[in-house]
Enquirer: 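The structure follows.
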Amino acid sequence: MERTLTMGSILKNDERAALVNRLQSLSPSSTRRWGSMDVNGMLKHLRLSALMALGEYSVPSANKRAFQVFPLKHLILYVFPFPKGAPTAPALKVVDATSFEEERAGLLEALERIATGVRDGAGPDHPLFGKLSWREWGVATYKHTDHHLKQFGA
């Protein structure tokens with residue numbers, strides 16, 4: 001029996017809607033299960049990451065070639081879960097999040113722009129994975145958002 005690999009994607013309407021519902025379930029008093037970000041910081045971190053996916057926020061390359069080639073890139077994007085406490089790019093570490101509602105609204109708007117934008121061809125470079133197609137960005141954005149929603153029990 002052939003196993004088909006399926007991974008969530010922000011480009012799929014039903015999967016994006018489920019993430020949006022989970023984001024809407026958060027409140028300013030939501031508390032983390034691990035890590036150091038508060039809920040406002042997590043929302044800004046995800047917003048900056050989404051702006052990076054849109055090519056509107058520049059994050060320097062980590063220059064880790066091993067993560068940019070098959071099979072490691074494929075395994076991280078499509079197979080392995082994001083580990084708790086995985087390091088983040090310094091440019092995505094939050095120091096000054098605005099209000100909860102502003103950060104959530106900004107994130108939701110950026111996710112919608114990713115979802116309704118270009119779907120074929122190459123997207124911006126990722127600081128760890130290098131060149132990503134728009135479809136890979138859809139998966140990476142979904143997986144990253146899902147990881148942080150789990151961090152806050154949503």
Side-chain angles (χ1 to χ4, degrees), residues 3-26 35 37 39-98 100-152 154:
R3 184 174 168 211
T4 303
L5 182 64
T6 59
M7 176 53 63
S9 175
I10 201 75
L11 302 179
K12 296 178 182 175
N13 291 335
D14 58 335
E15 293 170 354
R16 183 176 64 264
L19 284 183
V20 167
N21 286 338
R22 291 166 63 198
L23 283 163
Q24 296 292 7
S25 76
L26 294 170
M37 289 185 281
V39 70
N40 289 17
M42 178 271 292
L43 291 170
K44 182 169 185 176
H45 169 74
L46 288 176
R47 182 174 61 80
L48 292 175
S49 298
L51 292 175
M52 177 182 68
L54 289 162
E56 297 173 9
Y57 184 73
S58 181
V59 177
S61 171
N63 292 316
K64 304 225 176 186
R65 176 99 175 104
F67 290 94
Q68 298 177 8
V69 294
F70 188 84
L72 191 54
K73 178 177 169 178
H74 176 84
L75 290 171
I76 294 170
L77 284 175
Y78 295 99
V79 180
F80 297 145
F82 274 18
K84 295 175 184 175
T88 190
L92 296 173
K93 289 185 178 179
V94 175
V95 292
D96 61 344
T98 60
F100 174 84
E101 290 302 335
E102 286 179 65
E103 292 298 351
R104 181 165 59 184
L107 171 58
L108 292 170
E109 187 268 337
L111 293 177
E112 185 64 23
R113 288 195 298 130
I114 293 169
T116 58
V118 179
R119 291 179 178 247
D120 295 316
D125 283 0
H126 187 280
L128 183 62
F129 300 120
K131 297 204 178 302
L132 289 183
S133 69
W134 283 111
R135 293 187 188 277
E136 288 171 322
W137 269 113
V139 169
T141 300
Y142 176 92
K143 190 171 185 177
H144 186 221
T145 305
D146 175 65
H147 169 78
H148 284 294
L149 287 170
K150 287 176 182 173
Q151 179 185 16
F152 283 83

Enquirer: Side chains of Ile114 and Leu54: does their closest heavy-atom pair fall under 4.5 Å?
Expert: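 Yes, side chains in contact.
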Enquirer: Could you go through Leu43 and Leu23, starting from their C-alpha distance and side-chain angles, then the distance that decides it, and tell me whether this counts as side-chain contact (heavy atoms from CB on, under 4.5 Å)?
Expert: CA-CA 9 Å; Leu43 291 170; Leu23 283 163; 3.9 Å; yes
Enquirer: Heavy atoms only: give me the nearest Leu107-Ala50 pair and the separation to one decimal.
Expert: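 Residues Leu107 and Ala50, closest heavy atoms: CD1-CB, 4.4 Å.
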Enquirer: Using a strict threshold of under 4.0 Å (side-chain N to carboxylate O), is an ion pair present between Glu112 and Arg16?
Expert: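 Counted as a salt bridge, because a side-chain N and a carboxylate O are separated by less than 4.0 Å.
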Enquirer: Is there a donor-acceptor pair closer than 3.5 Å between any side-chain N or O of Tyr142 and the backbone N or O of Leu19?
Expert: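 Judged by distance alone, no pair lies under 3.5 Å.
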Enquirer: For residues Leu108 and Gln24, determine if any side-chain heavy atom of one lies less than 4.5 Å from a side-chain heavy atom of the other.
Expert: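 Side-chain contact under 4.5 Å: yes.
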Enquirer: Please report the closest heavy-atom contact between Phe129 and Phe67, naming both atoms and the distance.
Expert: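 Distance-wise, the nearest heavy atoms are CD2-O, 3.3 Å.
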Enquirer: Can you tell me how far apart CE (Met52) and NE2 (His126) are? Round to the nearest 0.5 Å.
Expert: 4.0 Å
Enquirer: Can you measure from NZ (Lys73) to OH (Tyr78) and round to the nearest 0.5 angstrom?
Expert: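 Separation between the atoms: 8.5 Å.
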Enquirer: Are Glu109 and Arg113 side-chain neighbours, meaning at least one heavy-atom pair lies under 4.5 Å?
Expert: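 In contact.
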Enquirer: So, does Arg22 use its side chain to make a donor-acceptor pair with the main chain of Leu149 at under 3.5 Å?
Expert: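 It does not hold such a pair.
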Enquirer: Any idea how His148 and His45 line up, ring-wise: parallel (<30°), tilted (30 to 60°), or perpendicular (>60°)?
Expert: perpendicular
Enquirer: If you round to the nearest 0.5 Å, how far is CG of Leu48 from OH of Tyr57?
Expert: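 Between Tyr57 OH and Leu48 CG, I get 5.0 Å after rounding to 0.5 Å.
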Enquirer: Distance from Leu72 atom CG to Phe80 atom CZ, nearest 0.5 Å?
Expert: 7.5 Å
Enquirer: Which of parallel (below 30°), tilted (30 to 60°) and perpendicular (above 60°) describes Phe82 and His144?
Expert: tilted
Enquirer: Checking the side chain of Glu136 only, and the main-chain atoms of Ser133 only, is there a donor and an acceptor separated by less than 3.5 Å?
Expert: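 A pair under 3.5 Å: yes.
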Enquirer: Show your reasoning for whether side-chain contact (heavy atoms from CB on, under 4.5 Å) applies to Ile10 and Thr145.
Expert: CA-CA 9 Å; Ile10 201 75; Thr145 305; 5.5 Å; no
Enquirer: So, does Lys143 use its side chain to make a donor-acceptor pair with the main chain of Ile76 at under 3.5 Å?
Expert: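 Yes, Lys143 side chain to Ile76 backbone: donor-acceptor pair under 3.5 Å.
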Enquirer: Would you check if the side chain of Arg47 reaches a backbone N or O of Ala110 as a donor-acceptor pair within less than 3.5 Å?
Expert: no
Enquirer: Does Thr98 offer a backbone N or O that forms a donor-acceptor pair with the side chain of Lys44 under 3.5 Å?
Expert: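 No, because the side chain of Lys44 does not come within donor-acceptor range (under 3.5 Å) of the backbone of Thr98.
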Enquirer: In Å and rounded to the nearest 0.5 Å, what is the CG to CD distance from Leu46 to Glu103?
Expert: 10.0 Å
Enquirer: Please round to the nearest 0.5 Å and tell me the distance separating atom CZ of Phe152 and atom CG of Leu26.
Expert: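 Atom-to-atom, Phe152:CZ and Leu26:CG are 8.0 Å apart.
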Enquirer: Examine distances only and state if a side-chain atom of Asp120 and a backbone atom of Trp134 form a donor-acceptor pair shorter than 3.5 Å.
Expert: no
Enquirer: Donor-acceptor pair, distance only, cut-off 3.5 Å: does the side chain of Glu15 make one with the backbone of Ser9?
Expert: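 Between the backbone of Ser9 and the side chain of Glu15 there is a qualifying donor-acceptor contact (under 3.5 Å).
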